[in-house]
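Worksheet: one structure, shown below.
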Amino acid sequence: MVVTGMGVVTPIGTTVADFWASCRAGRSGVGPLGGFPLEDLKILIAAQIKDFDHKARLKHFRRDKIIIHADRYSWFAAAAADEAIKQAGLEAPFQNPYRTACIIGSGAGGLVTFESAYRDLFILNKRATHPLTLLRIIGSSAAAHVGIEYGVKGPTFATCSACSTAAHAIGLGRDYIRAGLIDLAIVGASESVINYGTMKAWQAMHVLSPQGCFPFAKKRNGTVLGEGAGVLVLESEEHAKARGAKVLAELCGFGMTSDSKDMVNPDIDGPSEAMRLALADARVATTDIDYINAHGTATTINDRNETNAIKKVFGAHAGQLAISSTKSMHGHPLGAGGAIEAIASLKAMEENWVPPTIGLDEPDPECDLDYVPNMGREKRVTYAMSNSFAFGGLNAVLVFGPPPA
Amino acid sequence: MDEVATKIIDILKKHMKEPRDDIGLNTALTDLKIESLDLAMIVFDIEDSFGIEIPYNANEEAADFKTVGSVVDRVRALMSGAAAAKA
């Protein structure tokens, strides 16, 4: 199973090139919250995307006539898919539409549309919602929009598993290809939920930082909400070879588990078993892994637990790993995180350069691995792992390796 | 053409990918390449502009919406109904 295309929309760059340039520069996308009345909110920062012009990015869309009227989360997905598909050198409509999948998840779908529609009804006493409200809200609309534009007629749906949404979508696409159901898959996730109601709900969970996203740092005090999308093009090796596509990497391992224990307190077994399964699936040893893009949310509990889970799986090699949380730069894009971070891992492999965890001046003594603090660095990266550990204890881990010889 | 017709034609044009200037009362909506989703948005806009509610079900063939003129007539009838209800 190979990766032939990738696309992102993030607060630190709305194309892969710009996103990666920001990672290289250790740039933070966290800033003052804005775009809607803040009213009584106490958390006043987020990693929002401010330079995304959906009309310019999607103006060439032809088959999907209403993408411009879709929810922002569908715009992000469409733009990321467009970039990934162009890089893969594919043209719409695809040649074997029934052997192509479009699996683009979202943790919450069109939540911003939801809130504004309910404001219209309950506060402004409007007589009706906009006719496209339903289509904007549904969590499968991003997958459907992309599928329509590119003429995908095979399995098309969304995954939904909070912060593991994207990793599950990528893993499922790979499994469908491996099972022989399809040859090609557009996979990833998109999220755009930053509004008053979402901020209130997260605030009530008491897991957001008022200062910034500082994974593994002693000073960390919560995560910072982000937004964005990441999409990969996956295909079977034969399919890629037959059409002369440039192979970026192999998606060689996928592991998924559930803690089955607690909605918010992760345990060590679930995440470590997901990592172990992904390694076994990839048929690589722990010592083959050079880089881990950590889930690294900057909550007190995640970063300690993830550190301990990595130690449990990797043993003595844990200390040799370069581990970073790119959330320190792009914030926590919730369902989209796994795809954006998979792309950061793929870029690390391509350039043999590992991105930093910024804001890591003083590590938490209980987080004592190499988190590539503040400055990225040259390092040979042959195999990379990308971790996603979601609320509910839902774990999904991807392992990428070099293009097959 | 009166104000109601002009307003309705403006709304139709707003929802067309390639707006035309030759739309008259006899123009069939099918000639304007208006699809079911567009129609829902057009109905929504007309309702908002005229302060009326148009009984319309996307599952049914709507004779009232065959031509631009039939839409204008329907809106006018609903407006006078609304005015009578208020009186």
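Residue numbers start from 1 in every chain, and the chains themselves are labelled A, B, ... in the order their sequence lines are given, proteins ahead of strands.
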Flag yes if more than 12 heavy atoms outside [X] fall under 6.0 Å of its [atom1] atom; otherwise flag no.
| X | atom1 | answer |
| --- | --- | --- |
| A:Lys65 | NZ | no |
| B:Lys7 | NZ | yes |
| A:Glu39 | CD | yes |
| A:Lys59 | NZ | no |
| B:Asn26 | CG | no |

Open item on the list: For a quick test of reading the model, state the closest non-hydrogen atom pair linking B:Ala40 to A:Pro131 and the distance between them.
Closed with: O-CG, 3.4 Å

TODO: Please examine the side chains of A:Arg127 and B:Asp48, heavy atoms only from C-beta on, and report whether any two atoms are closer than 4.5 Å.
DONE: yes

TODO: Nearest 0.5 Å please: distance from the CG atom of A:Leu132 over to the CZ atom of B:Phe44.
DONE: 9.5 Å

- [ ] Report the distance from atom CG of A:Leu135 to atom CG of B:Leu37, rounding to the nearest 0.5 Å.
- [x] 6.0 Å

Open item on the list: So for A:Thr133, is it side chain, backbone, both, or neither that comes closer than 4.5 Å to the heavy atoms of chain B?
Closed with: neither

Open item on the list: Report which part of B:Glu53 has an atom under 4.5 Å of a heavy atom belonging to chain A: side chain, backbone, both, or neither.
Closed with: neither

